[in-house]
Amino acid sequence: SQLDRVIIDKNVHVGHRSRLGVGPLDAPPNQRCPDHLQGGLTIIGKNARIPENTEIGRHVRVGAEVHESHFRTPSLPPGSALEAADSHTH
């Protein structure tokens, strides 16, 4: 896996061949908290589980307790967010 400018909380699992922090540093800021998540950072919350072969862009926030089943596609575009409460596929 490759990580670039990623802040990872405790007990996070990143699947094989995943890429986190993908894209240009000037990608669009995060949709939910644009004042705080910009400048190239990507944040992965506590106990999150990133599936294998996943690509996560810059300025993305993956919330705590997000698991493989919450990912509907193999990529999260820059500036997006994924929270466990966003998905109904537990």
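Sequential numbering from 1 along the given sequence is applied to the chain's residues. Predicted, not measured: the structure shown is a model, and the values here were computed from it.
Distance alone, capped at 3.5 Å, places no donor-acceptor pair between the His36 side chain and the Cys33 backbone. Between the side chain of Asn30 and the main chain of Ser80, a donor-acceptor pair closer than 3.5 Å is present. At least one donor-acceptor pair under 3.5 Å links the side chain of Arg5 to the backbone N or O of Gly39. The backbone N or O of Gly15 lies less than 3.5 Å from a partner atom in the side chain of Ser1, making a donor-acceptor pair. A side-chain donor-acceptor contact under 3.5 Å links His59 to the backbone of Ala27. Within the 3.5 Å criterion, the main-chain N or O of His13 finds no donor-acceptor partner in the side chain of Arg49. Looking only at distances, a side-chain donor or acceptor of Arg58 sits under 3.5 Å from a matching main-chain atom of Gly23. Formation of a donor-acceptor pair under 3.5 Å by the Thr42 side chain with backbone atoms of Ile56 is not found in this model.
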Could you give me the CA-CA distance, side-chain angles and deciding distance for Val22 and Asp4, then say whether side chain to side chain contact (heavy atoms under 4.5 Å, CB included) is met? CA-CA 7 Å; Val22 176; Asp4 184 30; over 6 Å; no

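In terms of heavy-atom proximity, His70 sits nearest to Leu82 at O-CD1, 3.9 Å. Shortest non-hydrogen contact noted between Val60 and Gly57 is CG2-O, 3.2 Å. Minimum interatomic distance between Ala64 and Glu83 (heavy atoms only, all atoms of both residues): N-OE1, 4.5 Å.
Taking NE2 from His67 and CD1 from Ile50, the interatomic distance works out to 10.0 Å, rounded to the nearest 0.5 Å. Rounding to the nearest 0.5 angstrom, the gap separating the CD atom in Gln2 from the CZ atom in Arg19 is 5.5 Å. Once rounded to the nearest 0.5 Å, the distance linking CD1 of Ile43 with CZ of Arg61 reads 7.0 Å. Atom-to-atom distance recorded for Ser18:OG and Glu52:CD is 7.0 Å, nearest 0.5 angstrom. Distance check: Lys46 NZ to Lys10 NZ gives 4.5 Å after rounding to the nearest 0.5 Å.
Side chains of Val62 and Leu76 form a contact here, defined as non-hydrogen atoms less than 4.5 Å apart. Counting heavy atoms from C-beta outward, Leu41 and Val6 have side chains that stay 4.5 Å or more apart.
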